[in-house]
Amino acid sequence: MKILFLASEVDPFAKTGGLADVAAALPKALSALGHDVRIIMPLYKQVNREKFGLKPTTHTVTVSCGSQERAGRVWEAMVPKSRVTIYFIECAALFERGSLYQEQGKDYPDNLERFSFFSQAALRALPLLGWQPEVVHCHDWQASLACAQLAWGALGEEPFFSSMATVLTVHNLAYQGLFPREQWTLTQLPDAAFSIDRAEFYGQINCLKAGLVSARLITTVSPTYMREIQTQEFGCGLDGVLATRKPDLVGIVNGIDPEEWNPQTDPYIAAHYSAQTPAGKSLCKLALQKSQRLPEQQHLLIGMIQRLAEQKGIDIFVQGLDALMALPLQIVILGTGDPVYHRQLEQMATRFPKQLAVNLTFDNALAHQIEAGADAFLMPSRFEPCGLNQMYSMRFGAVPIVKRVGGLADTVTDTTPKTTKAASATGFVFQEHAASALVEAVKRAVSAYQDHALWASLMQTGMRQDFSWGRSARAYVQVYERAQAASARRLAHR
Ligand code: ADP
């Protein structure tokens, strides 16, 4: 099958979060199953053209955005260690910026133009490249307009595009791409599509909603999140829209890239290890304590790597920190985000220099070193569409402590007498979104850590889990086949 991925970030070219990981690893897994998968993303300033061997093609796409015409050259490269081709849409005025979506906490005001241009230019590049995908798989609000442009816009009428089936994956429903109605012409959609049952959302343009209404099928990144987003609590105002698409919603847990996250071969860590030969993990713990200037104690060392945002539960973590610091444990945090939490964490690190190390930066090497050096890994998310770090942690033998929500609920098995007996426990799960519940779960982990046999079993069971993309990729292929069949039926009825 020919499958096009449209994503606003792809690892290792440009990344702000889990989307980039998925947008690289899933195409690789699909390609390994024999499919012809290609990716298109914007050519940001952040993409290192030399390092990744980007080459300009001879093709330039011209797209209307409101009253302006914009042109973009198409560049080409291969996703490292794969047979997947990736194209980049160049447009210096839109993508040569300090960051991908925002600076100093403020979204770029022309984001609608940037990503409407990207969606249209990516689709318009296809005939030039002489490649006609059967399925266009769009990711998040930034690529959602492509679904709408194919379903409701002029593109869908052109024979080259009319047979393409669209699939939209929602990685995080909280980011919807909301813009003032005055910018509508930038979408290149007909005026009739600015309506409550299409792209309008309380008087504004909602890119994700446009995608949710127009995509042939919709997926989210875990079955639990799929159910949660149909409720008012997690629906971010779109639960009603999602309810109307219930038969077309599918939840598929992300896999992880087993090469990128492998303690047996990881180039960033102090010593290699595996479930069978776990000794190297203690060396990694010592190396982490050293690099973080923490005393080399035998206490439970907890890692955290996350955006410092309330979505990730940083608020309840900070509320519980005094109680946590009274326990025999150390915590290493790596994250960036809300300046309020930067300040609070820095203050706490000064108060507890022997127990708390705070790294307010984005550092991939350190992320690997934390996974390898930590005994446990904390994710107190308010909501979590899938989450990747709990899976990386299990693979690195860092036992996850998580809230029972979204993908965390689907991937971590709580330690109870029953699961301990069945050797199926992989972590510690708490129910209530509150500092007290978080602290109680950490206390359970601290106490389990004293029981060497139990801790070894938790680590081993986690390290043996199959989080490979192969399993998820096969589930996506079924979605593509369903989407294609539905599109073919629609064409037949035309
Ligand atoms: P998100 O909601 O941010 O996408 P995920 O758990 O799905 O959360 O993915 C986060 C990804 O970003 C993981 O690969 C994680 O290791 C990485 N990450 C997050 N913050 C940092 C950071 N400060 N430094 C390095 N990597 C980070």
Side-chain angles (χ1 to χ4, degrees), residues 7-26 46 99-102 139-142 169-175 220-222 224-225 229 234 236 252-263 266 268-269 288 291-292 303-314 317 332-339 341-342 345 357-374 377-396 398 400-403 405-412 467 469 472:
S8 59
E9 53 184 270
V10 181
D11 184 65
F13 304 100
K15 167 171 168 174
T16 68
L19 164 62
D21 294 319
V22 176
L26 178 55
Q46 287 73 14
S99 188
L100 267 51
Y101 314 122
Q102 51 164 249
H139 295 265
D140 276 352
W141 77 261
Q142 292 90 341
T169 293
V170 181
H171 296 262
N172 190 336
L173 194 70
Y175 298 94
T220 69
V221 288
S222 71
T224 297
Y225 189 60
I229 58 177
F234 292 99
C236 304
I252 302 172
V253 172
N254 288 332
I256 59 175
D257 184 336
E259 284 169 33
E260 166 78 6
W261 297 93
N262 181 357
D266 195 312
Y268 300 114
I269 65 179
L288 182 63
S291 78
Q292 295 293 306
M304 284 176 87
I305 305 165
Q306 60 173 62
R307 286 182 285 117
L308 301 177
E310 281 173 18
Q311 181 212 322
K312 298 287 176 182
I314 194 67
F317 172 74
V332 176
I333 301 178
L334 170 61
T336 56
D338 192 330
Y341 296 111
H342 283 213
L345 290 172
V358 174
N359 304 270
L360 301 172
T361 167
F362 195 99
D363 184 340
N364 186 44
L366 182 55
H368 284 248
Q369 287 149 10
I370 292 175
E371 295 288 8
F377 194 91
L378 182 59
M379 288 180 82
S381 306
R382 180 177 295 274
F383 67 94
E384 193 60 78
C386 177
L388 294 168
N389 275 317
Q390 79 279 16
M391 294 188 272
Y392 299 154
S393 302
M394 282 185 257
R395 200 150 154 77
F396 277 75
I401 305 168
V402 302
K403 221 211 39 210
V405 74
L408 300 176
D410 291 332
T411 51
V412 182
F467 293 123
W469 266 106
S472 308

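Numbering of ligands and ligand atoms starts at 1, following listing order.
One N or O on the side chain of Asp140 and one on the backbone of His171 form a donor-acceptor pair closer than 3.5 Å. With hydrogens and angles disregarded, no donor-acceptor distance shorter than 3.5 Å links the side chain of Glu384 to the backbone of Pro380.
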When you look at Trp141 and Tyr175, which way does the ring pair (Phe, Tyr, Trp, His ring centres under 6.0 Å) test go after all the steps?
CA-CA 7 Å; Trp141 77 261; Tyr175 298 94; 9.2 Å; no
For side-chain contact (heavy atoms from CB on, under 4.5 Å), just list the numbers for Glu371 and Ile269, CA-CA rounded to whole Å, side-chain angles, deciding distance to a tenth of an Å, and then say yes or no.
CA-CA 9 Å; Glu371 295 288 8; Ile269 65 179; over 6 Å; no
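If you check which protein heavy atom lies closest to atom 24 (N) of ligand 1, you get Asp363 N, 3.0 Å. Scanning the protein for heavy atoms near atom 21 (C) of ligand 1, the closest one is Phe362 CE1, 3.4 Å. For atom 3 (O) of ligand 1, the nearest protein heavy atom (residue, atom name, distance) is Arg307 NE, 2.9 Å. Among protein heavy atoms, the minimum distance from atom 1 (P) of ligand 1 is reached at Lys312 NZ, 3.5 Å. Among protein heavy atoms, the minimum distance from atom 15 (C) of ligand 1 is reached at Asn389 ND2, 3.3 Å. Ranking the protein heavy atoms by distance from atom 6 (O) of ligand 1 puts Leu388 N, 3.2 Å first. Scanning the protein for heavy atoms near atom 23 (N) of ligand 1, the closest one is Thr361 O, 2.9 Å. Looking from atom 10 (C) of ligand 1 to the surrounding protein, the closest heavy atom is Gly18 N, 3.9 Å.
If you take NZ on Lys403 and CG on Leu408, they are separated by 9.0 Å, rounding to the nearest 0.5 Å. From Arg395, atom CZ reaches atom CZ of Phe467 across 10.0 Å, with rounding to the nearest 0.5 Å.
Numbered from 1 in the order shown, with element, the atoms of ligand 1 that lie under 4.0 Å from a heavy atom of Gly17 read 4 (O). Atoms of ligand 1 found under 4.0 Å from any heavy atom of Gly335 (numbered from 1 in listed order, with element): 23 (N). Proximity to Asp21 (heavy-atom distance under 4.0 Å) selects the following atoms of ligand 1: 11 (C), 13 (C), 14 (O).
Classified by interplanar angle (parallel below 30°, tilted 30° to 60°, perpendicular above 60°), the ring pair Phe234/Phe383 is perpendicular.
Only side-chain heavy atoms of Lys15 come within less than 4.0 Å of ligand 1; its backbone N, CA, C and O stay farther off.
No option in Gln102, Glu9, Arg307 other than Glu9 meets the side-chain hydrogen bond (donor to acceptor under 3.5 Å, both in side chains) test with Thr16.
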